[in-house]
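Below, each value reflects all heavy atoms present in this structure, side chains not excepted, and no hydrogens, waters or symmetry copies.
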Amino acid sequence: MIDLTGRVALVTGASRGIGRAIARQLAECGAAVAVNYVTNAAAAEAVVAEIIAGGRQGLAVQADVRDREAVKAMVARTVEVFGRLDILVNNAGVLADQYLAFMSDEQFDTVLDICLKGAFNCCRAAVRPMMKGRWGRIVNVSSDAGLMGDLRRANYAAAKAGLLGLTKSLARELAGQGILVNAVAPGIIATDMTADMDDKRRATMLGLIPLQRFGQPEEVAAVVAFLCSDAAAYITGQVVGIDGGLRM
């Protein structure tokens, strides 16, 4: 059902976790994929090697999404190598947990700058090549925190909620250009971010999830791939929860 042959995708924060799974899934569906990273070049190149081993095209592209000029250069490099850009997945994110009374300006600003302004920077740069082809897909990776808040994560929840507003605004603005904009809101996904969760919190969270398990990165990637495909041609401005029923 999902055929992305001939499409070119850029996935931010794609050297590990959910981003890695998304990059691999899009490649498996036929897309050429630019794998963005900030510092871990080896991990990004490993993802590219997996993509190439699967018979698809891949490219590692370094950029800090907070840097407008770096983002412009990343998009330009992707277009230079692959000739176009059709799909953008804004996955780059960071945590800096702290109770509000003790949260520093730096902790707040860093999370907002990467999770929200970074997505804005990438959208602004990516829409130009998408407009040329009058076809595009943007998927913003939000979070359950953006819908229901989260303890010690006022910064993260604010950023992820902001992504939902950005998604809906751009969906309205870009629909006439053939560019669809949606978001996914993963719940608790088994990644490096959850690996250090203590047993007490793990048991508490499992008790809140009707499916009684954490999600897998590949389950998020499958939904993202669908939203990037022609099968989702009548879906824009939506938020798809991938949370095992947590927010049901």
Legend entry - Which atom of Leu26 lies closest to which atom of Ala225, heavy atoms considered: CD2-CA, 3.8 Å
Inset, instruction - For atom CZ of Arg247, decide whether the heavy atoms of other residues, nucleotides or ligands shown that lie under 6.0 angstrom number more than 12. - result: yes
Inset, instruction - Kindly work out whether a path of hydrophobic side-chain contacts (I/L/V/M/F/W/Y, heavy atoms less than 4.5 Å apart) joins Ile18 to Phe214. - result: no
Legend entry - Side chain proximity check, Asp243 to Met248, heavy atoms < 4.5 angstrom: no
Legend entry - Side-chain (Gln62) to main-chain (Val38) donor-acceptor, under 3.5 angstrom: yes
Legend entry - Interatomic distance, Asn182 atom CG to Phe226 atom CZ [nearest 0.5 angstrom]: 9.0 Å
Legend entry - Leu180 side, atom CG; Leu170 side, atom CG - distance, nearest 0.5 Å: 12.0 Å
Inset, instruction - Check whether any side-chain heavy atom of Val65 sits under 4.5 Å from a side-chain heavy atom of Asn121, and report yes or no. - result: no
Inset, instruction - Check the hydrophobic clustering (I, L, V, M, F, W, Y; side-chain heavy atoms under 4.5 Å; chains of links allowed) and say if Tyr37 and Val75 are grouped together. - result: no
Legend entry - Crowding at CD, Glu80 (>12 non-hydrogen neighbours, <6.0 Å): yes
Inset, instruction - Show your working on salt bridge (Lys or Arg N to Asp or Glu O under 4.0 Å) between Arg213 and Glu219 and close with a plain yes or no. - result: CA-CA 13 Å; Arg213 67 175 179 86; Glu219 293 174 306; 2.7 Å; yes
Legend entry - Minimum-distance pair of heavy atoms, taken over all atoms of Gly93 and Cys115: CA-SG, 3.7 Å
Inset, instruction - Please check if the side chain of Gln107 supplies one atom and the backbone of Ser104 the other of a donor-acceptor pair under 3.5 Å. - result: yes
Inset, instruction - Would you indicate whether the side-chain heavy atoms of Gln25 and Ile22 approach each other to under 4.5 Å? - result: no
Inset, instruction - List the steps and the verdict of side chain to side chain contact (heavy atoms under 4.5 Å, CB included) for Arg172 and Lys168. - result: CA-CA 6 Å; Arg172 292 185 181 278; Lys168 293 176 182 294; 5.7 Å; no
Inset, instruction - Quick one: do Arg16 and Asn40 satisfy side chain to side chain contact (heavy atoms under 4.5 Å, CB included)? Show the steps, please. - result: CA-CA 9 Å; Arg16 62 190 179 110; Asn40 198 337; 6.0 Å; no
Inset, instruction - Evaluate the criterion side chain to side chain contact (heavy atoms under 4.5 Å, CB included) for residue pair Asn90 and Val141; output intermediate values, then yes/no. - result: CA-CA 6 Å; Asn90 285 307; Val141 180; over 6 Å; no
Inset, instruction - Test side chain to side chain contact (heavy atoms under 4.5 Å, CB included) on Leu246 and Leu208 and set out the steps. - result: CA-CA 6 Å; Leu246 178 63; Leu208 297 174; 3.8 Å; yes
Inset, instruction - For the residue pair Val11 and Asn36, establish whether any side-chain heavy-atom pair is separated by less than 4.5 Å. - result: no
Legend entry - Test: Asp64 and Arg66 ion pair at under 4.0 Å: yes
Legend entry - Leu59 side chain near Val48 side chain, heavy-atom distance below 4.5 Å: no
Inset, instruction - State whether Arg153 and Asp97 are salt-bridged, where the test is any N-O pair (Lys NZ or Arg NE/NH1/NH2 against Asp/Glu carboxylate O) under 4.0 Å. - result: yes
Inset, instruction - Tell me whether Leu95 is reachable from Ile188 by hopping between hydrophobic residues (I, L, V, M, F, W, Y) whose side-chain heavy atoms are closer than 4.5 Å. - result: no
Inset, instruction - Please tell me if the side chains of Ser229 and Asp3 come closer than 4.5 Å, counting only heavy atoms from C-beta onward. - result: no
Inset, instruction - Could you grab the distance from atom CZ of Arg137 to atom CD1 of Ile87, nearest 0.5 Å is fine? - result: 8.0 Å
Inset, instruction - Give the cluster check for Leu166 versus Met130: same hydrophobic cluster or not, with ILVMFWY residues linked at side-chain heavy-atom distances below 4.5 Å. - result: yes
Legend entry - Path from Leu211 to Ile242 over hydrophobic side-chain contacts below 4.5 Å: no
Inset, instruction - Taking all heavy atoms of Val71 and all of Ala125, pick out the closest pair and write down the distance. - result: CG1-CB, 3.9 Å
Legend entry - Residue pair Gly162 / Leu116: nearest heavy atoms and the distance that separates them: C-CD1, 3.6 Å
Legend entry - Nearest-0.5 Å distance, CD of residue Glu218 to CD1 of residue Ile189: 10.0 Å
Inset, instruction - Any chance you could measure Phe108, atom CZ, to Leu100, atom CG, to the nearest 0.5 Å? - result: 9.5 Å
Legend entry - Any donor-acceptor N/O pair, Asp230 side chain to Ala233 backbone, under 3.5 Å: no
Inset, instruction - Could you tell me whether Arg202 atom CZ has more than 12 heavy atoms of other residues or ligands within 6.0 Å of it? - result: yes
Inset, instruction - Would you sort out whether Arg20 and Glu50 count as a salt bridge (Lys or Arg N to Asp or Glu O under 4.0 Å), showing the intermediate values? - result: CA-CA 10 Å; Arg20 175 177 177 269; Glu50 291 176 330; 2.7 Å; yes
Inset, instruction - Could you verify whether a donor N or O on one side chain and an acceptor N or O on the other, from Thr167 and Asn140, lie under 3.5 Å apart? - result: yes
Legend entry - Test: Arg84 cationic atom under 6.0 Å from Trp135 six-membered ring centre, within 45° of axis: no
Inset, instruction - Without swapping roles, check the side chain of Thr12 against the backbone of Ala92 for a donor-acceptor pair under 3.5 Å. - result: yes
Legend entry - Minimum heavy-atom distance between Asp86 and Gly6, given as atom pair plus value: OD2-O, 4.0 Å
Legend entry - Side-chain heavy-atom pair Ser142, Val239 within 4.5 angstrom cut-off: no
Inset, instruction - Considering non-hydrogen atoms only, spot the tightest contact between Leu164 and Gly146 and give its length. - result: CD1-O, 4.1 Å
Legend entry - Sidechain N-carboxylate O distance under 4.0 Å for Asp67, Lys117: no
Inset, instruction - Answer yes or no: is there a side-chain heavy-atom contact under 4.5 Å between Leu10 and Val89? - result: no
Inset, instruction - Look up atom CD1 in Ile138 and atom OG1 in Thr236, then write down how far apart they are to the nearest 0.5 Å. - result: 9.0 Å
